[in-house]
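All heavy atoms count here, side chains included; hydrogens, waters and symmetry mates do not. Residues take their numbers from the sequence shown, with the count starting at 1.
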Amino acid sequence: MKKLNILFIGLLSMSTIYAQDISDALRYSQSEIQGTARFRALSGAFGALGGDMSAVSANPAGSAVFSRSHASFTGSNVDSENNTTYFNGSTVNSISNFDINQGGAAFVFANRNTNSPWRKFTLGIAYDRTNNYDDVWNADGLNTNNQSIDLYFLNYADGVRLGDISLLDNEFVEDAYLDIGNTFGFAHQQAFLGYQSFILEPDDENDDNNTTYFSNLADGNFDHDYLHVSTGYNGKISFNLAAQYDDNLYIGLNLNSHFIDYQRSTSLEEKNSNSSISFINFENTLSTTGSGFSFQLGGIMKLTPELRAGITYDSPIWYSIEEETTQFIDTNEADADLDFIGGVVNIYPRYRLQTPAKITGSLAYVFAKKGLISFDYSKKDYGKTKFNPDRDFTDLNAAISDVLTDASTYRLGAEYKHKQFSFRGGYRFEESPYTDGVTVGDLTGYSLGLGYNFGNTRLDVTYDKWERTDETPLYNVGLIDTATIDRENSNITLSLSFNI
């Protein structure tokens with residue numbers, strides 16, 4: 001019963017200090033329209049083409065290319081595999097799931113005034129999933145760098161008054177953890193966990209003003225078993241308005257509503273044979289929800305009957321985000337009452353995140369009714385990602401500017417038509433958003449697709465795959481040794497589209 005009471009109290013409380021980091025900034029700044037099977041078959045190189053509902057979500061002028069009202073719906077099966085290496089250990093984790101990742105319709109209104117240069121107008125609405133957060137990886141190995149989780153707690157405890165992380169007379173440990181979070185914030189809570197689990201000791205335990213600490217763990221090798229599990233997605237609903245001017249120009253506007261649903265849990269089991277603290281179990285969960293707004297401006301120009309050029313501006317996304325966390329820690333020397341901390345939910349103040357803008361230039365060559373080839377180039381400066389209010393994130397925003405950089409994306413796609421069949425393929429390359437180029441590596445992907453046109457209805461299927469290698473630190477402070485993760489993601493996508 002006591003645990004349930006603390007959970008209730010925790011839900012009513014607000015922490016005064018945030019706990020965000022650079023990985024949060026990047027997670028919500030990276031996005032890609034997963035899209036229809038045809039869109040994916042050309043690796044998303046649709047900026048100068050239009051005529052597809054996901055192309056409309058990429059370039060709002062694309063809906064004006066439709067000659068008739070159009071709708072499409074898409075489902076995709078996602079398979080991901082992570083091969084993780086951590087010192088002498090290697091593991092393989094894979095997951096698979098199916099979801100509906102796209103749906104939308106565009107309605108075409110022809111201008112009956114034959115004297116006007118405005119040929120038609122379109123209104124549309126589309127849903128596209130822009131990120132899939134389902135992920136599992138496991139770092140299991142013997143850390144031979146003399147790096148323990150004690151460094152995490154020592155980092156946060158440095159400079160913290162002993163009196164601010166000590167239990168009062170007759171105070172429950174979960175009450176103290178909650179009060180420390182409300183009064184001082186996340187960093188003090190981590191110092192409290194390290195101290196109360198006997199991982200840390202103060203240099204002077206009789207002085208409440210003591211601000212220096214040492215570890216109860218001796219030097220040596222540490223056996224680590226770290227598990228990362230995340231679920232959720234990021235999506236957007238686009239409200240589209242576009243028009244065709246004369247015979248060669250298409251322009252459009254999207255107003256986008258974004259939403260985030262992300263959950264993550266991490267756990268570390270550490271063992272050693274050199275210290276009185278020979279076992280540590282440290283667990284964290286995060287739940288994030290958010291909503292945001294952005295807009296897109298786009299245009300497509302027919303330079304010749306065969307050659308088309310497109311340009312799209314994606315504004316920043318202005319997010320409003322809320323987060324909740326829970327923590328659990330246990331050691332072979334810890335008091336059993338420390339378990340009750342696992343029932344405390346930290347609710348952080350709502351904060352704002354502004355992602356960077358993106359600009360995309362596109363070219364496409366259409367071989368009459370036989371096929372096409374298209375190319376998109378886009379650039380986004382991830383170093384301009386910004387948390388707000390700025391006064392609460394000054395140091396983090398400065399770190400983002402230093403650690404993240406601008407990244408280019410190249411997409412190439414082609415389609416060949418034979419009777420009712422369409423044969424498609426694509427390639428894409430995305431540069432790392434990190435200045436070091438390795439924390440998150442470059443992405444390389446390819447795609448193959450097939451379509452069949454029944455007349456007013458079209459059925460498309462695509463297989464696409466991408467690969468990248470990340471060097472991911474277990475924690476952002478202290479225990480920052482990295483796990484090397486070779487990521488492979490493959491998708492089978494099926495779309496049904498039809499003219500209305």
Engineer: Charged N to carboxylate O below 4.0 Å: is that the case for D225 and K271?
Structural biologist: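 No salt bridge links D225 with K271.
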Engineer: To the nearest 0.5 Å, tell me how far D128 CG sits from N101 CG.
Structural biologist: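 It comes to 7.5 Å.
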Engineer: Should we say atom CD of E171 is surrounded by more than 12 heavy atoms from elsewhere, each under 6.0 Å from it?
Structural biologist: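 Counting other residues, nucleotides and ligands, CD of E171 exceeds 12 neighbours.
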Engineer: Examine distances only and state if a side-chain atom of N59 and a backbone atom of G47 form a donor-acceptor pair shorter than 3.5 Å.
Structural biologist: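 Yes; judged by distance alone, with no hydrogens or angles, the pair exists.
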Engineer: Under 4.5 Å between any side-chain heavy atoms of H224 and L268, yes or no?
Structural biologist: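 The answer is yes; the side chains approach within 4.5 Å.
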Engineer: Determine, stepwise, if the pair L474 / D481 fulfils side chain to side chain contact (heavy atoms under 4.5 Å, CB included).
Structural biologist: CA-CA 6 Å; L474 300 194; D481 285 324; 5.6 Å; no
Engineer: With heavy-atom distances below 4.5 Å as the criterion, would you say the side chains of T385 and L353 are in contact?
Structural biologist: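 The answer is yes, as the side chains (C-beta and beyond) meet within the 4.5 Å cut-off.
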Engineer: Are any of the side-chain heavy atoms of V173 and I341 separated by less than 4.5 Å?
Structural biologist: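 Heavy-atom side-chain distance check passes, below 4.5 Å.
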Engineer: Could you measure the distance from the CD atom of Q327 to the OG1 atom of T266? Nearest 0.5 Å is fine.
Structural biologist: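 Rounded to the nearest 0.5 Å, the CD-OG1 separation comes out at 9.0 Å.
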Engineer: The test is side chain to side chain donor-acceptor pair (under 3.5 Å); show your working for S76 and T493 and say whether it passes.
Structural biologist: CA-CA 4 Å; S76 184; T493 304; 3.1 Å; yes
Engineer: Does any non-hydrogen side-chain atom of D337 lie less than 4.5 Å from one of F172?
Structural biologist: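 Heavy-atom side-chain distance check fails, nothing below 4.5 Å.
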Engineer: Mind running salt bridge (charged side-chain N to carboxylate O under 4.0 Å, His left out) on D135 and R487 for me, showing each step along the way?
Structural biologist: CA-CA 10 Å; D135 192 29; R487 301 182 180 273; 3.1 Å; yes
Engineer: For the pair D376 (side chain) and F46 (backbone), establish whether a donor and an acceptor sit closer than 3.5 Å, ignoring hydrogens and angles.
Structural biologist: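 Yes; judged by distance alone, with no hydrogens or angles, the pair exists.
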Engineer: Quick one about N138 and N93 (side-chain donor to acceptor, distance below 3.5 Å, no hydrogens or angles considered), yes or no?
Structural biologist: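 Side chains of N93 and N138: no pair found under 3.5 Å.
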Engineer: Are any side-chain N or O atoms of E270 and backbone N or O atoms of I149, one a donor and one an acceptor, separated by less than 3.5 Å?
Structural biologist: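 Yes: the side chain of E270 pairs with the backbone of I149.
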Engineer: Looking at residues at least two apart in the chain, or sitting in another chain, which of them share a ring pair (Phe, Tyr, Trp, His ring centres under 6.0 Å) with Y262?
Structural biologist: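 For Y262, the residues satisfying ring pair (Phe, Tyr, Trp, His ring centres under 6.0 Å) (neighbours in sequence not counted) are Y133.
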Engineer: Output yes when a side-chain donor or acceptor of S278 lies under 3.5 Å from a complementary backbone atom of N274, and no otherwise.
Structural biologist: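 No.
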Engineer: Test side chain to side chain contact (heavy atoms under 4.5 Å, CB included) on S80 and D134; report intermediate values, then the result.
Structural biologist: CA-CA 9 Å; S80 63; D134 293 352; over 6 Å; no
Engineer: How close do Y28 and Y319 get, counting heavy atoms only, and between which atoms?
Structural biologist: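 Heavy atoms only, the tightest pair is O-CE1, 3.7 Å.
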Engineer: Sort and list the pairs that fulfil salt bridge (charged side-chain N to carboxylate O under 4.0 Å, His left out) and have at least one residue in residues 146-165, not counting sequence neighbours.
Structural biologist: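 Qualifying pairs: R161-D164.
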Engineer: Among T285, N284, L227, whose side-chain contact (heavy atoms from CB on, under 4.5 Å) with S265 holds?
Structural biologist: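 Single pass found, and it is T285.
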Engineer: Which heavy atom of N132 sits nearest a heavy atom of V78, and at what distance?
Structural biologist: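 Closest pair (atom of N132, atom of V78, distance): ND2-CG1, 3.9 Å.
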Engineer: Closest approach of P433 and Q30, non-hydrogen atoms and distance?
Structural biologist: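 Smallest interatomic distance, heavy atoms only, reads CG-NE2, 3.8 Å.
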Engineer: Please examine the side chains of E269 and N281, heavy atoms only from C-beta on, and report whether any two atoms are closer than 4.5 Å.
Structural biologist: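 Counting from C-beta outward, N281 and E269 do come under 4.5 Å.
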Engineer: Please round to the nearest 0.5 Å and tell me the distance separating atom CZ of F279 and atom OG1 of T331.
Structural biologist: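 Answer rounded to 0.5 Å: 9.0 Å.
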Engineer: What is the ring orientation for F259 with Y233, classed by angle as parallel under 30°, tilted 30 to 60°, or perpendicular over 60°?
Structural biologist: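 Taking Y233 first and then F259, their aromatic rings stand perpendicular (interplane angle over 60°).
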Engineer: From the options F328, Y152, Y226, select the one residue that forms a ring pair (Phe, Tyr, Trp, His ring centres under 6.0 Å) with F282.
Structural biologist: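 That would be Y152.
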Engineer: So how far is it from N131 CG to I33 CD1, rounded to the nearest 0.5 Å?
Structural biologist: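 Reported to 0.5 Å precision, the distance equals 11.5 Å.
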Engineer: Go through it in stages, so that I can follow the logic: the residues are Y463 and N491, the test is side chain to side chain contact (heavy atoms under 4.5 Å, CB included), and I'd like the CA-CA distance, side-chain angles, deciding distance and then a yes or no.
Structural biologist: CA-CA 6 Å; Y463 171 82; N491 305 269; over 6 Å; no
Engineer: Applying the salt bridge (Lys or Arg N to Asp or Glu O under 4.0 Å) criterion to R350, which one of E323, E324, E322 satisfies it?
Structural biologist: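 Single pass found, and it is E322.
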Engineer: For residues 400-413, tabulate all N or O donor-acceptor pairs below 3.5 Å that involve a side-chain atom, not counting sequence neighbours.
Structural biologist:
from, atom 1, to, atom 2, distance (Å)
S408, OG, Y377, OH, 2.7
R411, NH1, S43, O, 2.8

Engineer: How about I95: does its CD1 atom have over 12 heavy atoms from other parts shown lying under 6.0 Å from it?
Structural biologist: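 Count over threshold, so yes.
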Engineer: Can you tell if the side chain of F186 reaches within under 4.5 Å of the side chain of T325, non-hydrogen atoms only?
Structural biologist: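 No, side chains not in contact.
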Engineer: Measure from the side-chain N and O atoms of S315 to the backbone N and O of F295, and report whether any donor-acceptor pair falls under 3.5 Å.
Structural biologist: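 Checked: pair present.
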Engineer: Contact between Y177 and I329 at the side-chain level, heavy atoms closer than 4.5 Å - yes or no?
Structural biologist: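 No, their side chains stay 4.5 Å or more apart.
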Engineer: Has D395 got more than 12 heavy atoms of other residues, nucleotides or ligands less than 6.0 Å from its CG?
Structural biologist: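 Atom CG in D395 is not crowded, with 12 or fewer foreign heavy atoms closer than 6.0 Å.
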Engineer: Quick check: closest heavy atoms across Y86 and T482, and the distance to 0.1 Å?
Structural biologist: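 It is CD1-O, 3.7 Å.
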Engineer: Any donor-acceptor pair under 3.5 Å linking the side chain of S432 with the backbone of G441?
Structural biologist: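 Flag not set: sc S432 to bb G441 has no pair under 3.5 Å.
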Engineer: Checking T74 side chain against Q102 main chain: does a donor-acceptor pair fall under 3.5 Å?
Structural biologist: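 Not confirmed, T74 side chain does not pair with Q102 backbone.
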Engineer: Could you check whether any side-chain N or O of S54 sits under 3.5 Å from a backbone N or O of T36, counting only pairs where one atom can act as donor and the other as acceptor?
Structural biologist: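 Looks like yes, one N/O pair under 3.5 Å.
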Engineer: Looking at Y195 versus F153, is the centre-to-centre ring distance below 6.0 Å?
Structural biologist: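 Centroid distance Y195-F153: not below 6.0 Å, so no.
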Engineer: Could you measure the distance from the CD atom of Q354 to the CD1 atom of I317? Nearest 0.5 Å is fine.
Structural biologist: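 Answer rounded to 0.5 Å: 10.5 Å.
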Engineer: Would you call Y434 and L26 a side-chain contact if the rule is heavy atoms closer than 4.5 Å?
Structural biologist: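 Yes. Closest side-chain heavy atoms under 4.5 Å.
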Engineer: Pair S238, N256 - check side chain to side chain donor-acceptor pair (under 3.5 Å), show working.
Structural biologist: CA-CA 4 Å; S238 300; N256 304 312; 2.7 Å; yes
Engineer: What's the shortest heavy-atom distance between D470 and V440, and which atoms?
Structural biologist: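 Closest approach of D470 to V440, heavy atoms only: OD1-CA, 3.4 Å.
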Engineer: Is a side-chain donor or acceptor of R264 paired with a backbone partner of S230 at a separation under 3.5 angstrom?
Structural biologist: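 Checking the backbone N and O of S230 against the side chain of R264, no donor-acceptor pair under 3.5 Å is found.
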Engineer: Spell out, as yes or no, whether a donor-acceptor pair under 3.5 Å connects the side chain of S275 to the backbone of I277.
Structural biologist: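 Side chain of S275 to backbone of I277: no pair is present.
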Engineer: Compute whether any side-chain donor of one residue and acceptor of the other, for Q189 and N346, lie under 3.5 angstrom apart.
Structural biologist: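 N346 and Q189 do have a side-chain donor-acceptor pair below 3.5 Å.
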Engineer: Minimum heavy-atom separation for G449 to T462, with atom names?
Structural biologist: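 Nearest pair, atom of G449 first, then T462: CA-OG1, 3.8 Å.
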Engineer: One pair to check against side chain to side chain contact (heavy atoms under 4.5 Å, CB included): T484 and T469. What are the steps and the verdict?
Structural biologist: CA-CA 7 Å; T484 300; T469 298; 3.9 Å; yes
Engineer: Nearest 0.5 Å, what's the CD-CG distance between Q296 and D314?
Structural biologist: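 Reported value, rounded in 0.5 Å steps: 4.0 Å.
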